[in-house]
2 protein chains.
Amino acid sequence: MATSIFEHPPASERVRDALRAAHLYYMQDLTMEAIAAELHTSRSSVSRLISYAREAGLVEIQVKTPAERISTALQRIQDKHHVTVHVVPVPDSANEIDRLERVGMSAARILNQYFDSNMTMGIAWGSTMSAVSRHLQPKVTHNSQIVQLNGAANTRTTGIVYASEIMSRFGAAYGAYVQQFPVPAFFDDPATKQVLWRERSIRRVLDIQKRMDVALFGLGTPLSEVPGHVYTSGYLDESDFQSLTASNVVGDVATVFYRADGSSSDVPMNLRSSGPPLEQLARVSRRVCVVSGKSRMPALRGALAAKLITDLIVDEATLHGLLDD
Amino acid sequence: MATSIFEHPPASERVRDALRAAHLYYMQDLTMEAIAAELHTSRSSVSRLISYAREAGLVEIQVKTPAERISTALQRIQDKHHVTVHVVPVPDSANEIDRLERVGMSAARILNQYFDSNMTMGIAWGSTMSAVSRHLQPKVTHNSQIVQLNGAANTRTTGIVYASEIMSRFGAAYGAYVQQFPVPAFFDDPATKQVLWRERSIRRVLDIQKRMDVALFGLGTPLSEVPGHVYTSGYLDESDFQSLTASNVVGDVATVFYRADGSSSDVPMNLRSSGPPLEQLARVSRRVCVVSGKSRMPALRGALAAKLITDLIVDEATLHGLLDD
DNA sequence: CCACGTTCTGCACATGTGTGCAAGTAGCTT
DNA sequence: AAGCTACTTGCACACATGTGCAGAACGTGG
């Protein structure tokens, strides 16, 4: 009876039962009542077991759009940019907050198809990533890690709480090791960055970033009336904005800026940014971008032009704007 | 308003709505009530749409056993025979009929992970395959085909109705082309088989069989008190049974017999069988075997010894018998 | 234009599932 | 052994979903 020394019996028995209940429920279409009888327990316990199975990621549910259901306009976009588009249905009446929330939830579910054991996922931070992180669907993985793509400290706060909260949600959902990146989002002086980038502790993180299998990011935009987190929370000052405008920047990924044509070289701000150069990002084999809201459309067009995206998760209305090109 | 000339509007609009409803339900966790409001329809219609989405294979649900939950005994079996085992939970109290039904249902669901567009699946026939066929989960595929592995005619009937019913259920579930194999299960004279096998119409089918990507089969057993379909329905006569006994046969796959050690050469009956030689079967990249009931255990041991199986779907009780080796 | 059969819709009810709560249980401490 | 906390269980109820049925909408053919 005294078995608590082992990790197995207490929690593991629960997993075993949950697995069995889930199998009977989803694979054999038994009702919870019937399952309760088989497991010699009450129906409510079965309900809880199945909830647990879902929450623990023992059950995977996906909605698949048959290829022939994809509109030709969308097909053209996909072919042109070598991108897989996941359309998130959101009523036109929804406000930006709801929209972001729902896209985030869908993105979180879709993500589970792409992330698995032995993988490294790089993630940016921002309002979009925050939304995604709040809806992550747990999934058991081993030997996987999450690495932060760009620093979050700014002149007002260290940004640690905000970014690390996002990071740790990812870590918790996948049981992955979390690698933070404790540097400012932007350096005041490019030289400081150069120097710091030679530090071994920093290079360790940069190396992990270079080897990541999946990159997950939202898009920032300086143009919108509802700008991203970066543009409102003390990361940029007036001269920075002027610099971005002068460079014709339309958006950013992990605080690295690009123009409408997708180019990002010669943007002075990028020399001071802690995010990965976009050429490097483009070498990651899967690059998942989450976009919500029409205000991000110019940024999205630029990101597509820069070939930054392999998988795009976007709300319906924004996508429709894109189709009109 | 008059658009019924096109194939699109009538049925396709339904698919579109079903897809949207399913997405909102499974990916965004909305209640059917909320979805009804978004789609401007009643809650009951949404319930029906989502049912339809499930039935049409637009939604895929799978229960995944985390690797660390697999018992070491099972792990040993898997490693030894290079096989992936899917355990189907069935209460010990269940009778053989229920057991078969439930294993069949689970097998049908699992199968969807393995069969997709541009694939050819070979299937045997028998009581197990019949059970599987009755529970197939539809899935949209293109350019796929189902090919019958062995003939079904016998001295009493042409077996066409029985086997072709199984076949066509598979075809319907996957939208696949169905290739029947209109020959007897066993020839009276091996020479007849040799001659027929040279016919171009027959060789076409044999060629398709050789190129199949997935083989799906149950196991026959001559030993059981509850024998498989082949052993009870006029396929074999008294002398055939004696021949099998003399050859120490423990089971068959698609009416090709093997011994406990997995060997199948020198079994005279096989010269007259219409099924694919086991050496040929073993070259198929995925070979899914469905087994239900302890009576099939000797047949299962033999099939494992013959390395016929890459994926085994088996009820819990039968598996436990196997683990005691 | 009407009569007919078919399909679709929403209502009302039946069934199935989720959850707050109180009682019970197990492990641990004193 | 009693007392404590943390967790689990089943009940009763609230909520969510499935479905038979009657009427509406649609398409078809007379």
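Small disclaimer: the values here were computed from a predicted structure and weren't measured. Throughout, protein chains are lettered first and strands after them, A, B, ... in sequence-line order, and every chain is numbered starting at 1.
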Whether A:E38 and B:R102 form a salt bridge (side-chain N of Lys/Arg under 4.0 Å from carboxylate O of Asp/Glu) is what I want to check.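 Between A:E38 and B:R102 there is a salt bridge, with a charged N closer than 4.0 Å to a carboxylate O.
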
Regarding A:D315 and A:K294, does a basic nitrogen lie under 4.0 Å from an acidic carboxylate oxygen?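 Answer for the salt bridge query: no.
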
Determine, for B:Y26 and A:R109, whether the Lys NZ or Arg CZ falls below 6.0 Å from the six-membered ring centre while staying within 45 degrees of the axis.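 So A:R109 doesn't make the cation-pi contact.
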
Within this structure, what is the CG-to-P distance between B:L30 and D:dC15, rounded to whole angstrom?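 Distance check: B:L30 CG to D:dC15 P gives 18 Å.
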
Separation of B:E33 atom CD from C:dG18 atom P, in whole Å?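 Going from B:E33 (CD) to C:dG18 (P), I get 17 Å.
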
Of the listed nucleotides ([options]), which one gets closest to any side-chain atom of [X]?
X	options	value
A:S42	D:dC13, D:dT19, D:dG10	D:dG10
B:M32	D:dT17, C:dG18, C:dG10	D:dT17
B:T31	C:dT19, D:dT17, C:dT17	D:dT17

Does [X] put a side-chain nitrogen or oxygen below 4.0 Å from OP1 or OP2 of [N]?
X	N	value
B:S47	D:dG18	yes
B:S45	C:dG10	yes
B:Y25	D:dT17	yes

Is there a donor and acceptor pair closer than 3.5 Å between the side chain of B:R54 and the base of D:dG18? no

So how far is it from B:L322 CG to B:R296 CZ, rounded to the nearest 0.5 Å?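 Going from the CG atom of B:L322 to the CZ atom of B:R296 covers 15.0 Å.
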
Using a 4.0 Å heavy-atom cut-off across all strands, classify A:T41 as base, sugar-phosphate, or nothing.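 Counting heavy atoms under 4.0 Å across all strands, the contact made by A:T41 is with sugar-phosphate only.
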
